[in-house]
Amino acid sequence: MAVYSHHFASLYDSLMGDYGNLITLTQKLIKRYAVKKKSLHVLELACGTGNILKELPKEYILEGLDNSTGMLEVAKKKVPSAVFHYGDMSNFNLKKQFDAIICIFDSINHLLSFRQWQKMFGLVAKHLDTNGVFIFDINTPLRLETLASFPAYVKKQDDMLMCVKIIQTGQHLFDARFEIFDKVSTDKVTCLEEDVYEITVPVISIEKALKKYFTLVKMIDPSRPKVIAKTGRIFFVCRKK
């Protein structure tokens, strides 16, 4: 599972760009499918720097879990009202239950064995209240295979230059290799290298694993009216059995 360095965590927001459409979709799905009450208790797994939690209604009781202390330091400043936990999303026990648990930005793909995915599904069900909902998204195999076919992507942000290349290193394993050059306008340029790994899992295997704990309510393609063979990102909305 990806563990971001402190330096990378501090640069994460400025480098990753705008994911506003995914945040808006997540908000809508929680509002539509979670139990109808004002103060929903929501847990975000792999909460990162808190970009989603900070956009949720202030009436919600918010908690986040991440395995990067650097990310959590940023999130705590961004969402001071939330409770944050340091931990592994495939091995956690918070000893409480939630109305909704979310895991967005294809974070589940960072769990590098499908056994970890299955273990996470079981833990999510354990931490959901009656009729609780689990909302997560994935990068499909097609999306990562397509990204791996592209040349390196270069982006300039303020005084930083980022180069990222997606490399397929195994049948289902992909490496997002970052090179970040800071203070490029000076004679003291620093370079940060970071490898972020993801695996892909066939959608049919995910559906089968979910059925042990959940009723699959809906699968959503954020960019199309319905999920098709060419879909690159899928949101799953699941209700605890």
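Values in this document were obtained by computation on a predicted structure and should not be read as measured data.
Side-chain contact between K76 and V79: absent, with no pair of heavy atoms (C-beta onward) separated by less than 4.5 Å. Residues L22 and F105 form a side-chain contact, since some pair of their non-hydrogen atoms from C-beta on lies under 4.5 Å apart. With contacts defined as side-chain heavy-atom distances shorter than 4.5 Å, the pair K96/E63 qualifies. The closest side-chain heavy-atom distance from Q168 to L144 is not below 4.5 Å.
Aromatic ring centroids of F114 and H172 lie 6.0 Å or more apart.
Identified under the ring-ring contact (aromatic ring centres under 6.0 Å, His included) test for residues 131-170, with sequence neighbours left out: F121-F136, F134-F136, F134-F214, F136-F236. Among residues at least two apart or in separate chains, salt bridge (Lys or Arg N to Asp or Glu O under 4.0 Å) pairs with a member in residues 197-225 are D221-R224. Sequence neighbours left out, the pairs with a member in residues 21-42 that pass ring-ring contact (aromatic ring centres under 6.0 Å, His included) are H41-F98.
Considering K28, K54, E55 in turn, E55 is the only one that fulfils the side chain to side chain contact (heavy atoms under 4.5 Å, CB included) rule with I23.
A donor atom on one side chain and an acceptor atom on the other are found under 3.5 Å apart for N51 and T49.
Listed for the K188 side chain is no donor-acceptor partner under 3.5 Å among the backbone atoms of V184.
The side-chain hydrogen bond (donor to acceptor under 3.5 Å, both in side chains) search around D175 returns R177, not counting sequence neighbours. Remark: D106 pairs with N139, R233 by the side-chain hydrogen bond (donor to acceptor under 3.5 Å, both in side chains) rule, at least two apart or across chains. With sequence neighbours excluded, no residue satisfies side-chain hydrogen bond (donor to acceptor under 3.5 Å, both in side chains) with T186.
Within 6.0 Å of NZ in K78 there are more than 12 heavy atoms belonging to other residues, nucleotides or ligands.
By the criterion of side-chain heavy atoms lying less than 4.5 angstrom apart, applied directly or through intervening Ile, Leu, Val, Met, Phe, Trp or Tyr residues, V35 is grouped together with I135 in one hydrophobic cluster. Under the 4.5 Å side-chain heavy-atom criterion for ILVMFWY residues, no single connected hydrophobic cluster contains both V83 and L56. In this structure, V189 is a member of the same hydrophobic cluster as V154, with clusters built from ILVMFWY side-chain heavy atoms closer than 4.5 Å. Transitive grouping of hydrophobic side chains (ILVMFWY, heavy atoms separated by less than 4.5 Å) keeps I61 and L45 in distinct clusters.
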*Evaluate the side chain to side chain contact (heavy atoms under 4.5 Å, CB included) criterion for residues C103 and M89: first the C-alpha distance (whole Å), next the side-chain angles of each, then the deciding distance (0.1 Å), finally the verdict.*
CA-CA 9 Å; C103 184; M89 63 181 169; 3.8 Å; yes
